[in-house]
Amino acid sequence: MTGIGFGLERVGLWALRWPRFAAAILFLLTALSAVGLARVEFDDDVVRAFRSDSESYTDFLALEKARGGALNPVSLLVASDHPWTAGELKTLRELHLDLEFIDGVETVQSLFSLRAMGPGLEAGAPVVPDEFADSDVPALLVRAAADPLTAGRTVSADGSSLFFAVFDDSSHSSRDDRRAYVAEIEAMVAARPLAGVAINVLGYDKSRFEIADAIKRDIAIYSVGGFALSFFLAALWFANWRFTLLAFLPNAIAVLWALGLAGFAGVPLTVTTDVVPVLVLVIAFTDSMHLAHALRFERAGDRAGLVAALDRVLRRIGPACVLTSLTTAVAILSLATARYGALVDMAVFGGFGVLSAFVAVLLSFAVIAPFLVRPVDIGGKSAESLPGHSLFAWMAGIVPRRRKSILAVAFALLAIGAIGQATTRPHFSTYDNLPEDSTTRTASIAAEDRFAGVFTLWTGIAADAPDAGWTRLVAIHKAAENIVGREAVTSLVSAARAAGHGERPLDAAERERLPDWLLSRYGDFSRGAYAIAIQFGDAGRSAESIARFDAVEQAVLAAGAFRPAGSPALARHDGPRLVTQLLWSLLASAVLSVGLIAVAMRNARLVPAVALANVVPVLLTGAVLHLTADGRMSVSAGLATTIAFGIAVDDTIHFLNRALERMRAGESLDGAIAGSLVPLAPILTATTFILVAGVALTLSSDFVTVRDFGYLVVVILVFALISDLVILPAALLTWTKWFRR
């Protein structure tokens, strides 16, 4: 009869029977994985997380195609820690001119592009003349800050900061071209250093390249740190170099297979998926540890006896390793139900990576063990020699006597967790996807505080008649600036005001005088089609920014505008929606994982105990979020709860597998539970510690989102271990009649 591993543990049994052929297959697949590893890409698209069929994302793509470089210009935040001097401004003017001569740059908007406007939009002299002295600087800055066309977007209110916007013609379309383009701007900035003046390059492109570089650093840390940590912990547990290698090598092969699979499948490493390698590593390592640990208690007089011992281990422990991999894969694959690009990537990479990992572990364990382990290395251990034996023996005596009290506490924790989860609120901040120590992140926040922000929200109208369109344009423009301020809104209304005649439509002569870039960006007089740009910061940064976005969106829609589009709209609408869908993924993960356990063990009556023992730790993260994150449920928190549930049930599976094995041998339920808890608890504790230590590597990440993911998974795993050692046996013993076979 097929066991709880659905017969998939036969991969290892087959390798034991045909070792040379299995070794050849293992070598071939590992070599192919190395080829796939070379194809792995590091994706730096900061809006990839929102890739979906949502209205906000569809609008964003259409806007990006239509606006090109005007949608996400490269920006410079120039901040001084002292009053500006004439010499410094002249150096910055030279920088402005240098930027205009970069291939593909359409225009540069800054203090030095401002012109005095006469009646009818006649362009007068530059606001910053060719020659001026230090004493003229304060007046120049005040005059620039009051410019009717760019008020508040070139000079900060206190005059300490300047802002440059570099608009390109989108000729730099490929990723490599964009990186070279940004690098050229950075080189020009570096060539004109000023003491006491910080110049930071900002914008979409700069952010995406920082993200890609930080992901590469994370992967390097996870790889080196994870492998070193797993080797050290295996050596500490086994105190035998042969068993250390036996536990270490299969998980190294598993990680290589997972990365190779990602390379062949074309799934990139992103801020979301860069945690998958460390997840595969620790999951595969715990399976290797369970197999190697079980082998130590077997006996073998010679090589034939060793092979027989390996056969017994693979038959006893292999099915549980298979089922733990399946439940973890199901949990990760459930993320695809959210239908967002980054989560689909995570589901494909993580789910199939975990599935390939258990094959790698079983196959490599069966191939390596006969050549690495000697018959004399096994059979010398007893349960009493394991760390913590006395503690777990005491626990095995306490749990039966206190089972009703334990269940009462469990249901109380379940209620607390449920209330905590129900009262969390979805949260998404664009800045959280940038490395925390990033100068781009710091400068972007500074730009949001000193100026209108580095992101642009676009809206507009298309009227049947030009005059009607202009009237509605004025209404929309004023509705927006009533909320975000005059300095944050730009349209052809701004040009009309600069002409000195209020909000009257520009006549034909005045339109002729407008720069081509202004007309192409903000309107078509012949059709009555006009665009409005609203400068914005991170729409999800705080409750105030969320309220401001909602207010301006409602105001422009009420005035007759198109639905606002751009990265602020994505962050505001799709960010919280993504978090909400992750909670549905958690529900799917819980139902599918618990259901799979019931099917594998052919006992649906196990569902209440399994569900209680594993739902309590996950729901308690809601209470933890109220203590650590002000009740905000971020994307990383949603990912952590879903994936950690799949990992947390692993201990449950190993415990049930051992208990059911003893019951089939004729023991009572009470005896089977006590007899399983004492010898199994030490290795469950050890593997949980390994999981915690491995996942804790993510705490070294530069990304806030990755660190949040890591600490929540650690919390859930610790809670899950306690639950499996206390709540699960108490539930099984209390509801005895449900589980007798």
Side-chain angles (χ1 to χ4, degrees), residues 49 218 222 226 254-255 258 262 267 269-287 324-338 340 342-358 421 578-579 581-594 596 614-615 617-622 624-625 633-653 687-688 690-692 694-699 701 703 705-721:
D218 276 2
Y222 299 161
V255 172
V267 177
L269 288 172
T270 66
V271 177
T272 306
T273 59
D274 78 341
V275 300
V276 170
V278 74
L279 286 177
V280 171
L281 187 151
V282 296
I283 292 168
F285 189 36
T286 56
D287 283 345
T324 58
S325 297
L326 291 177
T327 54
T328 303
V330 162
I332 299 176
L333 286 169
S334 71
L335 296 172
T337 61
Y340 275 89
L343 299 185
V344 173
D345 290 343
M346 182 77 163
V348 173
F349 185 13
F352 287 100
V354 169
L355 290 177
S356 71
F358 90 78
Q421 286 284 356
L578 193 155
V579 175
Q581 290 196 13
L582 275 172
L583 296 179
W584 286 106
S585 297
L586 172 60
L587 178 61
S589 169
V591 171
L592 292 172
S593 297
V594 173
L596 186 60
N614 289 281
V615 169
V618 171
L619 287 185
L620 282 176
T621 57
V624 171
L625 288 173
M633 175 68 74
S634 64
V635 173
S636 56
L639 278 172
T641 53
T642 301
I643 293 174
F645 184 90
I647 300 174
V649 298
D650 291 0
D651 287 351
T652 300
I653 291 169
T687 54
T688 297
I690 290 166
L691 282 166
V692 166
V695 174
L697 289 172
T698 61
L699 300 179
S701 174
F703 297 105
T705 53
V706 175
R707 293 204 303 273
D708 286 349
F709 172 88
Y711 98 81
L712 283 173
V713 170
V714 166
V715 168
I716 292 171
L717 291 179
V718 172
F719 284 168
L721 174 66

Partners of Ala720 by side chain to side chain contact (heavy atoms under 4.5 Å, CB included), sequence neighbours excluded?
Pro617, Ala648

Correct closest heavy-atom pair for Ser334 and Ser589 would be OG-CB, 3.6 Å

Working note: Ser585 + Thr337, criterion side-chain hydrogen bond (donor to acceptor under 3.5 Å, both in side chains); need CA distance, chi angles, decisive distance, verdict.
CA-CA 6 Å; Ser585 297; Thr337 61; 3.1 Å; yes

Mind listing the closest non-hydrogen atom pair of Val280 and Ala254 along with its distance?
CG1-O, 3.9 Å

How about Leu583 and Leu587: do any of their side-chain heavy atoms sit closer than 4.5 Å?
no

Go through it in stages, so that I can follow the logic: the residues are Val624 and Phe719, the test is side-chain contact (heavy atoms from CB on, under 4.5 Å), and I'd like the CA-CA distance, side-chain angles, deciding distance and then a yes or no.
CA-CA 12 Å; Val624 171; Phe719 284 168; 4.3 Å; yes

Is there a side-chain contact (heavy atoms from CB on, under 4.5 Å) between Leu620 and Val715? Walk through the geometry before answering.
CA-CA 9 Å; Leu620 282 176; Val715 168; over 6 Å; no

With sequence neighbours excluded, tell me which residues meet side chain to side chain contact (heavy atoms under 4.5 Å, CB included) with Leu596.
Phe6, Leu323, Leu326, Thr327, Val330

Pairs satisfying side-chain hydrogen bond (donor to acceptor under 3.5 Å, both in side chains), at least one member in residues 635-646, at least two apart:
Ser634-Ser636

Partners of Thr652 by side-chain hydrogen bond (donor to acceptor under 3.5 Å, both in side chains), sequence neighbours excluded?
Asn614, Asp724

Residue list, side-chain hydrogen bond (donor to acceptor under 3.5 Å, both in side chains) with Asp651, at least two apart or on another chain
Thr688

Does the side chain of Leu279 come within less than 4.5 Å of Ile647's, by heavy atoms?
yes

Any residue meeting side-chain hydrogen bond (donor to acceptor under 3.5 Å, both in side chains) with Thr286, in chain and number order, not counting sequence neighbours:
none

Can you check whether Val649 reaches Thr324 side chain to side chain, under 4.5 Å on heavy atoms?
no

How close do Gln421 and Val618 get, heavy atom to heavy atom, and via which atoms?
NE2-O, 3.4 Å

Only one of Leu333, Val267, Ile643 passes side-chain contact (heavy atoms from CB on, under 4.5 Å) with Met346, and that residue is Ile643

Sorted by chain and residue number, the side-chain hydrogen bond (donor to acceptor under 3.5 Å, both in side chains) partners of Gln581 (sequence neighbours excluded) come out as none

Side chain to side chain contact (heavy atoms under 4.5 Å, CB included) involving Ile690 - partner list, sequence neighbours excluded
Leu233, Phe285, Met289

Return all side-chain donor-acceptor pairs below 3.5 angstrom for residues 347-356, not counting sequence neighbours, or 'none' if the list is empty.
from: Ser356; atom 1: OG; to: Phe352; atom 2: O; distance (Å): 3.4
from: Ser356; atom 1: OG; to: Gly353; atom 2: O; distance (Å): 2.8

Testing the basics here: between Ala590 and Phe645, what is the closest heavy-atom pair and its distance to 0.1 Å?
CA-CE2, 3.4 Å

Sequence neighbours excluded - salt bridge (Lys or Arg N to Asp or Glu O under 4.0 Å) pairs with any residue from residues 707-721:
Glu436-Arg707

Is the shortest side-chain heavy-atom distance between Val713 and Leu691 below 4.5 Å?
no

